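Being a predicted model, the structure only gives us computed values, none of them experimental.
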Amino acid sequence: MKKEEVPQDGNNMHDGKFKQLFYATDDAGAYVPVTSVGWEPENIAMQQAWEEVNAKIEEAHKAMQAGEVSPILYYMEKTIMDLPLLASYVNKFQWQVKRHLKPAVFRKLNDDTLRKYAAAFKISLEELKKAGQ
């Protein structure tokens with residue numbers, strides 16, 4: 001791609017505040033770094049992805065408030081983690097983390113286990129406990 005052809009569609013979700021680095025060819029055919037504020041197909045895809053993430057967070061929040069799941073699911077969605085990743089962060093098997101998603105099991109967890117979850121979510125132990133009440 002030539003330097004002049006690097007997309008500069010300023011209508012992106014970051015309002016042009018963030019730029020990406022691309023390499024394109026200049027008039028002499030040499031590769032040069034060029035910044036871009038984005039291009040429409042990428043912006044649409046990113047917007048749709050974030051809408052999906054936010055919908056999952058909202059769904060988990062409602063389920064947590066209804067007492068259907070523990071706060072672990074909500075914070076897992078909020079931090080964009082999946083079960084294998086969270087299990088590795090808290091040094092548990094996936095089946096154990098899945099079990100901790102049940103409110104009754106969550107309420108029985110000791111502070112050491114809850115501290116691991118809180119650290120993974122970058123929140124305080126008190127914040128995690130309060131969300132579970």
Side-chain angles (χ1 to χ4, degrees):
M1 178 181 326
K2 293 189 185 252
K3 185 177 171 181
E4 303 80 34
E5 297 171 350
V6 173
Q8 298 294 339
D9 295 338
N11 189 14
N12 68 15
M13 54 191 289
H14 300 296
D15 297 325
K17 294 176 186 171
F18 298 100
K19 297 182 179 180
Q20 293 178 315
L21 179 64
F22 291 95
Y23 287 91
T25 55
D26 62 10
D27 294 333
Y31 283 97
V32 294
V34 180
T35 58
S36 171
V37 293
W39 60 304
E40 187 178 10
E42 177 188 36
N43 295 334
I44 291 170
M46 289 299 291
Q47 185 65 38
Q48 289 172 344
W50 280 111
E51 286 171 3
E52 175 86 18
V53 167
N54 290 327
K56 288 176 83 174
I57 292 169
E58 183 61 31
E59 184 178 312
H61 190 256
K62 285 179 182 175
M64 179 186 74
Q65 288 182 321
E68 299 167 0
V69 297
S70 77
I72 293 172
L73 179 66
Y74 168 67
Y75 285 108
M76 187 171 78
E77 294 294 350
K78 191 172 180 180
T79 55
I80 314 175
M81 291 189 197
D82 61 3
L83 193 61
L85 181 62
L86 179 57
S88 71
Y89 278 9
V90 296
N91 199 25
K92 299 281 182 195
F93 293 109
Q94 291 181 37
W95 67 266
Q96 291 173 304
V97 174
K98 203 176 216 180
R99 194 168 169 270
H100 296 166
L101 299 179
K102 297 176 182 176
V105 175
F106 175 81
R107 285 190 290 275
K108 295 177 185 175
L109 294 176
N110 63 41
D111 282 358
D112 288 337
T113 301
L114 291 174
R115 264 190 210 91
K116 289 180 183 179
Y117 281 113
F121 301 138
K122 294 184 168 103
I123 60 172
S124 68
L125 174 62
E126 291 74 27
E127 192 175 348
L128 183 61
K129 282 182 167 182
K130 185 180 176 188
Q133 295 176 348

>> Side-chain heavy atoms nearer than 4.5 Å, only ILVMFWY residues, links allowed to pass through others: does that put Val105 and Leu73 together?
In response: no
> Could you walk me through whether Gln47 and Glu51 pass the side-chain contact (heavy atoms from CB on, under 4.5 Å) check?
Replying inline: CA-CA 6 Å; Gln47 185 65 38; Glu51 286 171 3; 3.5 Å; yes
Using a 3.5 Å cut-off and no angle test, enumerate the donor-acceptor pairs between side-chain atoms of residues 116-125 and protein atoms at least two apart in sequence or in another chain.
{"from": "Tyr117", "atom 1": "OH", "to": "His100", "atom 2": "ND1", "distance (Å)": "2.6"}
{"from": "Ser124", "atom 1": "OG", "to": "Glu127", "atom 2": "N", "distance (Å)": "3.0"}

> For Ala131 and Pro71, which heavy atoms make the closest approach, and how far apart are they?
Replying inline: C-CG, 3.5 Å
> Just how far is it from atom CZ of Arg99 to atom NZ of Lys92, taken to the nearest 0.5 Å?
Replying inline: 10.5 Å
> Just how far is it from atom CD1 of Ile72 to atom CE of Met81, taken to the nearest 0.5 Å?
Replying inline: 11.5 Å
> Mind checking whether Leu86 and Leu83 sit in one hydrophobic cluster, side chains of I, L, V, M, F, W, Y counted as touching below 4.5 Å?
Replying inline: yes
> Can Ile80 be reached from Tyr89 by stepping across I, L, V, M, F, W or Y side chains whose heavy atoms are under 4.5 Å apart?
Replying inline: yes
> How many angstroms lie between atom OG of Ser70 and atom CE of Met76, to the nearest 0.5 angstrom?
Replying inline: 9.0 Å
>> My understanding is that a hydrophobic cluster links ILVMFWY residues whose side chain heavy atoms are under 4.5 Å apart, including indirect links. Using that, what else belongs to the cluster containing Tyr31?
In response: Leu21, Tyr23
> Between Leu114 and Leu128, what is the shortest heavy-atom contact and its length?
Replying inline: O-CD2, 3.5 Å
>> Rounded at 0.5 Å granularity, tell me how far CZ in Phe106 sits from CG in Leu101.
In response: 10.5 Å
> Does the side chain of Gln48 come within less than 4.5 Å of Glu52's, by heavy atoms?
Replying inline: no
> Taking atom CG of Asn110 as the centre, does the number of heavy atoms from other residues, nucleotides or ligands within less than 6.0 Å exceed 12?
Replying inline: yes
>> Let me confirm one number: the CE-NZ distance from Met64 to Lys78, rounded to the nearest 0.5 Å.
In response: 9.0 Å
> Just wondering, are more than 12 heavy atoms of other shown residues or ligands nearer than 6.0 Å to CD in Glu59?
Replying inline: no
> Nearest heavy-atom pair of Leu85 and Ser88: which atoms, and what distance?
Replying inline: O-OG, 2.7 Å
> Should we count CG of Asn91 as having more than 12 external heavy atoms under 6.0 Å?
Replying inline: no
